[in-house]
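The chain is numbered in sequence order, starting from 1. As the structure lists them, so they are numbered: ligands from 1, and atoms in each ligand from 1.
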Amino acid sequence: MSKRLVLLGAPGSGKGTQGALLMERLGIPQVSTGDLLRAAVAAGSELGLKAKAAMDAGELVADEVVIGMIRERLNEPDAANGYILDGFPRSRPQAEALDELLIALGKPLDRVVHLEADEEEIVKRLLERGRADDTEETIRNRMKVFRDQTHPLLKYYEERDLLVTVKGVGDIEDIYGRIEQAVNA
Ligand code: ADP
């Protein structure tokens with residue numbers, strides 16, 4: 001099974017849930033920029049202070065902040081045998097920076113999995129989850145940010161023959177099975 005994976009999908013599409021299962025079953029780390037940023041906010045670090053306002057508004061945190069964070073994380077020893085990127089890249093500059101970084105490491109991505117779910121289902125899930133940034137207004141803004149900045153990455157990865165699309169609706173294990181099949185195909 002491919003080991004350098006990206007999970008791409010709208011907020012609430014299930015990236016976090018499926019990323020955690022992949023981590024457990026493949027024995028490679030799940031690298032979630034959302035989790036890393038929330039940890040920085042909780043720790044009150046300078047980076048956290050910079051990120052908080054954007055996160056509260058449902059905007060993207062500055063590219064250079066998340067790119068720097070990812071560069072450090074992928075250089076950790078546990079990422080040497082693969083990883084699941086969850087929530088990164090989320091913009092074209094992030095995707096290009098990732099390409100550069102991986103070219104330098106000589107270890108390109110194996111697959112980009114697009115988790116597809118419709119907006120109605122997603123809003124319902126997020127409102128049930130109830131995280132601090134899961135208010136209706138913030139959710140709407142995160143959806144817009146996804147459409148404008150992240151969705152174009154589907155074409156970016158399709159052109160590089162890396163993209164597989166999986167239906168992200170239904171039973172968690174069924175979705176996992178679809179991901180497993182798609183990345184092995
Ligand atoms: P979700 O995908 O459900 O919105 P995440 O935990 O992935 O949740 O992201 C939460 C917030 O963290 C985003 O709305 C954004 O402010 C910030 N964030 C996460 N990943 C990135 C990224 N790659 N680039 C910029 N901001 C990010």
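In this structure, the protein non-hydrogen atom closest to atom 27 (C) of ligand 1 is L37 CD1, 3.8 Å. Counting only heavy atoms of the protein, atom 24 (N) of ligand 1 lies nearest to Q94 NE2, 2.9 Å. Protein heavy atom at the shortest distance from atom 19 (C) of ligand 1 is R90 NH1, 3.5 Å. The protein heavy atom nearest to atom 12 (O) of ligand 1 is M55 CE, 3.5 Å. Atom 20 (N) of ligand 1 has T33 OG1, 2.8 Å as its closest protein atom, hydrogens excluded (heavy atom only).
Residue V31 is tested with D78, I84, L36, D86 for a side-chain contact (heavy atoms from CB on, under 4.5 Å); the sole match is L36.
Close N/O approach between D86 and ligand 1 is not found [any backbone or side-chain N/O within under 3.5 Å]. In terms of polar-atom proximity, F88 is not counted as a contact of ligand 1, lacking any N or O under 3.5 Å from an N or O of the ligand. On a distance-only criterion, V61 and ligand 1 share at least one N/O pair closer than 3.5 Å. For E59, a nitrogen or oxygen atom sits less than 3.5 Å from a nitrogen or oxygen atom of ligand 1, counting backbone and side chain alike.
The residues K124 and D118 are annotated as not salt-bridged, no charged nitrogen and carboxylate oxygen being separated by less than 4.0 angstrom. Looking at E119 and R147, a side-chain N of the basic residue comes within less than 4.0 Å of a carboxylate O on the acidic one, giving a salt bridge.
The backbone N or O of G9 sits less than 3.5 Å from a side-chain atom of K15, completing a donor-acceptor pair.
A heavy-atom separation below 4.0 Å is found between R129 and ligand 1.
The shortest side-chain heavy-atom distance between L49 and V41 does not fall under the 4.5 Å cut-off. Residues Y156 and L163 have side chains not in contact (no heavy-atom distance under 4.5 Å, counting atoms from C-beta outward).
Looking only at atom types and distance, the side chain of D56 has no donor-acceptor partner in the side chain of T138 under 3.5 Å away.
Counting the atoms of ligand 1 from 1 in the order shown, those under 4.0 Å from a heavy atom of G12 are 3 (O). Within the listing of ligand 1, atoms 6 (O), 10 (C) sit less than 4.0 angstrom from a heavy atom of R38. Close approach to K15 involves these atoms of ligand 1, each under 4.0 Å from a residue heavy atom: 2 (O).
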Starting from the C-alpha separation in whole Å, work towards a yes-or-no answer on side-chain contact (heavy atoms from CB on, under 4.5 Å) for R38 and R131. CA-CA 11 Å; R38 279 184 289 278; R131 208 171 63 196; 3.1 Å; yes
L8 vs L85, test: side-chain contact (heavy atoms from CB on, under 4.5 Å). Steps then yes/no. CA-CA 9 Å; L8 201 64; L85 288 179; over 6 Å; no
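Proximity of D35 to ligand 1, defined as any heavy-atom pair under 4.0 Å, is not found for any part of the residue.
Closest to atom 10 (C) of ligand 1 by heavy atom, among Q149, R131, R142, is R131.
The side-chain tip of R25 points at the ring of Y176 from less than 6.0 angstrom away and within 45° of straight on.
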